[in-house]
Amino acid sequence: MHTPVLLTQVMEALEIKKDGLYIDATFGEGGYTEAILNKGGKVLGIDLDEEQLKSSRVNELTNLKLVQGNFGDIEKIAKENNFFPVDGVVFDLGLSMRQISQSGRGFSFKKVFEPLDMRMSLNSEMTAGYLLNHLSESELFDVFAKNSEEINSQKIAREVIIKRQFKELETVGDLTSCIDKAIGEQDNNAYKRIFQALRIQVNEEFENLKNGLIGATKIIKDDGKIAVVTFHSLEDRIVKNFTKTGGIKLLNKKPIMNRRGRTFEKVAKLRLIVKDIL
Ligand SMILES: C[S@@+](CC[C@H](N)C(=O)[O-])C[C@H]1O[C@@H](n2cnc3c(N)ncnc32)[C@H](O)[C@@H]1O
């Protein structure tokens, strides 16, 4: 079972009530779900990736319901399952370790022979390979620059266009070699940023997050809480901006952080959103 990085902080923040209703919007390997169940809460777990739900080892049957779906549809999913209003919602964004190491979908720049797939759900059609082989240079630049703020985005987009004139990009190694050529050296941080940018695009992660937050505020009780854990500064910005839209507020002005390493994407930030009731 995976232990999420900010588990203790999220559990403290949600103040789980016995028989309270909680949505784990990013079920993954079930770390938050298990902790909520252990405190007597009832959980609706959602994950886009059907494989995550199939491999679940959480064996509670009465207080847990698992649904394959997109948290962008959280309001609809909660209502279809008659699971609302809820006491809390947790979003733990990104990928789980199992997806990175075992899915075979090209999420990691280290898995050079894997295909450039990067779909969280195999039901969706868009893949990273499709984007790399079909977008124009300026569209690729936009994907890299907007989703990752990688400073070499222009050069990398150019290299992709040059490479694909000879042969379509198929594997992780095909993409890392374009990045090497564009930058002139091997740079793990650039790989990480570009891979993350593509994954965000393939899975429409920013749009889903916005829709998920809107939906979650519609189904929480007046004293309910939404906990959002991000690992990406642009996602954190979406969460912060969302709390300025009215009717809701941040419980903590500064995010609760856990810095696992020095590289940019290892900083986990927890933000807590509550209803702003006068
Ligand atoms: C960081 S992992 C969550 C780990 C989880 N907290 C645990 O304890 O194992 C993120 C999970 O969210 C899922 N996910 C990402 N985007 C999603 C979306 N839009 N809707 C539903 N699930 C999503 C991923 O498939 C992945 O399983």
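All heavy atoms count here, side chains included; hydrogens, waters and symmetry mates do not. Remember, it's 1-based here, ligands and their atoms both numbered in the order they're listed. Everything numeric here is computed off the predicted structure, so don't read it as measured data.
- Residues of the protein with a heavy atom under 4.0 Å from ligand 1 are His2, Pro4, Ala25, Thr26, Phe27, Gly28, Glu29, Gly30, Gly31, Tyr32, Asp47, Leu48, Asp49, Gln52, Gly69, Asn70, Phe71, Asp92, Leu93, Gly94, Leu95, Ser96, Gln99, Met120, Asn208, listed by chain and number.
- Salt bridge Glu159/Lys155: absent, no basic N to carboxylate O contact under 4.0 Å.
- The pair Lys54-Glu50 does not count as a salt bridge, with every side-chain nitrogen at least 4.0 angstrom from each carboxylate oxygen.
- Between Thr26 and Phe71, some side-chain heavy-atom pair lies under the 4.5 Å cut-off.
- Salt-bridge check for Lys225 with Glu15: passed, with a basic side-chain N closer than 4.0 Å to an acidic carboxylate O.
- Residue Arg271 forms a side-chain hydrogen bond (donor to acceptor under 3.5 Å, both in side chains) with just one option from Asp236, Thr230, Thr243, Asn252, and that option is Asp236.
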Under 3.5 Å, which donor-acceptor pairs do the side chains of residues 105-117 form with other protein atoms, sequence neighbours left out?
residue, atom, partner, partner atom, Å
Arg105, NH1, Asp49, OD2, 3.2
Arg105, NH1, Arg119, O, 2.9
Arg105, NH1, Met120, O, 3.0
Arg105, NH2, Asp49, OD1, 3.2
Ser108, OG, Lys110, N, 3.0
Lys111, NZ, Ser101, O, 3.1
Glu114, OE1, Arg105, N, 3.4
Glu114, OE1, Gly106, N, 2.8
Asp117, OD1, Arg119, N, 2.8
Asp117, OD1, Arg119, NE, 3.0
Asp117, OD2, Arg119, NE, 3.4
Asp117, OD2, Arg119, NH2, 2.9

